[in-house]
Amino acid sequence: MSGSKKRIFIKTFGCQMNVYDSEQMANLLRPMGYDEVDEAAAADLVVLNTCHIREKAAEKVYSDLGRLRQLKETRAEKGETMQIAVAGCVAQAEGAEIRRRAPVVDFVVGPQSYQRLPQMLKGEAGPLATDFAVDEKFERLAKKRAANSPTAFVTVQEGCDKFCAFCVVPYTRGAEHSRPADEIINEVRALVRHGVREVTLLGQNVNAWGANSEDGWGLGALIRHLAQIDDLSRIRYTTSHPRDMDEDLINAHGEIEALMPYLHLPVQSGSDTVLKAMNRGHSMAMYQKLIDKVRAKRPDIAISGDFIVGFPGETDADFEATLQAVRDIGYASAYSFKYSRRPGTPGAGREDQVPETVKSERLQVLQALLNAQQLEFNNSQIGNTVPVLFDKKGRHDGQICGRSPYLQSVYVQGPASLIGKIASVNISGAGRNALNGVLDQEAFVTA
Ligand code: SAH
Ligand code: SF4
Ligand code: F3S
């Protein structure tokens, strides 16, 4: 172990699971003397934690590597060294090919093998680690997580066995794997001791958590146990698959106060033909039924979703079915994408690809509808008093920002001392992306 101080810069692309992994990479390297900095220029080690989900995401990596090559050369002229590691899902998908295409890269580590970085940096292991060593990964990760925010992500489930016809995740993150409950509970307890008030449980199929566990616990049971931790005020989870949304988890939404009234449940398309072609394993009627059940337990729950337009073979009528589904469900927020052809996935090989112009038109129409629903949902909060967990300073002096139970950003004028606390806010204004409010003087701080 080297005692000398070094600087590490980590750039994170993609989903929240990558955010968690980046934090864990920093934790792993800290004992080797690496301190995190916020720019690449002065770093001794630059890590790109990458995403392979859509073509654009993957392309960004190579443009970043081009810039880093110049930086590395400039540093070398000054006699300084800069090492570059590519981590994440592009690393997994492209492996050794990355070093052939971009020789500037020193190390390549996949999402289930980055725990080997310390050995690689010490020269005790080769430059490439892309096996699916998920048990080893969680064993080696820092057991005590420091926290610098009142909210934290905790990965509880890795990988995916669903093989949707458009998606790379089963190939880049490997098979579904659930972390043991006691390990998760200990990690959450440690975070709470550091002042964390809200945890978001993460997994690409988070609600499949526990599927193969011996004690029969599902995500609902895990949430019930976590809810008993003193001072943990809020629990969220993302991302769920409709096929794994069981009764216990649905009931938890009606019973557990700490479980926030927000459900991100991607549907992708409203057309049964497209859902079948996507290999989603659920119909639109099944999805609607799930939403009805959750709303019966928790009527105010905010529903969020993911949509893909222009999957191969999608007709105008199929797209219209998606619009109708959105009108029927009513989304508080959503993410929508043009279908991106991903190498190695079944969708990529189909000959009935939808033209780019049609995809763009459909995306525009869908986003207009989703944006209008989001604004309507936010407007419906005006006049309400909601508990807000403040987690950062706002955009102006004297302003702080937090989240409502429905995951809306809420801005108020207030003291920075409220950061890390939950306070009641009277909502006075709304836009599509955020709410404004005034601190409720009577019920000032609830925790
Ligand atoms: N596990 C989650 C999310 C997976 S990735 C789920 O099952 O829903 C996040 C989102 O990216 C997906 O929900 C999907 O909407 C989108 N996505 C995945 N692959 C894509 C592709 N090839 N083209 C466009 N969007 C894609
Ligand atoms: Fe991808 Fe489908 Fe798995 Fe989600 S469920 S990660 S969309 S394959
Ligand atoms: Fe991207 Fe991998 Fe997450 S492909 S969305 S970083 S699991």
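Here the structure is a predicted model, which means the values were calculated and not measured. Counting starts at 1 for both ligands and their atoms, in listed order.
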State plainly whether the residues Asp391 and Arg197 are in salt-bridge range, i.e. N to O under 4.0 Å. no

Within 4.0 Å of some non-hydrogen atom of Gln268, the atoms of ligand 1 are 8 (O), 12 (C), 13 (O), 14 (C), 15 (O)

Restricting to heavy atoms, the pick from Lys338, His52, Arg341 nearest atom 24 (C) of ligand 1 would be Lys338

I'd like to know whether ligand 2 has Arg173 as a neighbour, heavy-atom separation below 4.0 Å. no

Any side-chain donor near an acceptor of the partner, Asn27 and Gln24, under 3.5 Å: yes

Would you call Glu314 and Arg362 a salt bridge, using N to O less than 4.0 angstrom? yes

Tell me how many protein N, O or S atoms are closer than 2.8 Å to atom 3 (Fe) of ligand 3. 1

For Ser336 and Gln367, which I'm curious about, is there any donor-acceptor pair between the side chains at under 3.5 Å? yes

Minimum distance, heavy atoms only, to atom 25 (N) of ligand 1: which one of Met17, Arg54, Lys56 is it? Arg54

Among all protein heavy atoms in this structure, tell me which lies nearest to atom 20 (C) of ligand 1, with the distance rounded to 0.1 Å. Phe166 CD1, 3.7 Å

Atom 3 (Fe) of ligand 2 neighbourhood, protein N/O/S only, threshold under 2.8 Å: Cys160 SG

Does a side-chain N-to-carboxylate-O contact under 4.0 Å join Arg100 and Glu97? yes

Side-chain donor-acceptor contact under 3.5 Å, Tyr406 with Asp300: yes

Inspect the contact between Lys162 and Glu176 and indicate whether a charged nitrogen and a carboxylate oxygen are less than 4.0 angstrom apart. yes

Verify the distance criterion only: is there a donor paired with an acceptor across the side chains of Asn251 and Glu247 at less than 3.5 Å? no

Give me the nearest non-hydrogen protein atom to atom 4 (C) of ligand 1 as residue plus atom name, then the distance to 0.1 Å. Gln204 OE1, 3.4 Å

Side chains of Arg67 and Gln70: do they bring a donor and an acceptor to under 3.5 Å? no

Residue and atom name of the nearest protein heavy atom (relative to atom 9 (C) of ligand 1), distance in Å to one decimal: Asp306 OD2, 3.7 Å

With rounding to the nearest 0.5 angstrom, report the CZ to CE distance, Arg173 to Met17. 4.5 Å

Does Ile53 have a heavy atom less than 4.0 Å from any atom of ligand 1? yes

Are Arg327 and Glu320 ion-paired here, with the side-chain N under 4.0 Å from a carboxylate O? yes

Quick one: do the Arg243 and His241 side chains pair a donor with an acceptor below 3.5 Å? no

For atom 23 (N) of ligand 1, the protein heavy atom that lies nearest, with its residue and separation: Ser340 N, 2.9 Å

Out of all atoms in ligand 1, which are within 4.0 Å of some heavy atom of Pro266? Include the element for each. 8 (O)

Per-atom contacts of ligand 1 with Arg342, taking only distances under 4.0 Å to non-hydrogen atoms: 22 (N)

Parallel, tilted or perpendicular: ring planes of Tyr20 versus Phe138, cut at 30 and 60 degrees: tilted

Distance-only donor-acceptor check, side chains Glu158 and Gln112, under 3.5 Å: yes

Phe166: numbered ligand 2 atoms lying under 4.0 Å from its heavy atoms: 7 (S)

Report, in ascending order of atom number, the atoms of ligand 1 lying under 4.0 Å from any heavy atom of Tyr339. 23 (N), 24 (C)

Quick one: nearest non-hydrogen protein atom to atom 7 (O) of ligand 1, plus distance? Arg280 NH1, 3.6 Å

Do the two ring centres, one from Phe337 and one from Phe166, sit under 6.0 Å apart? no

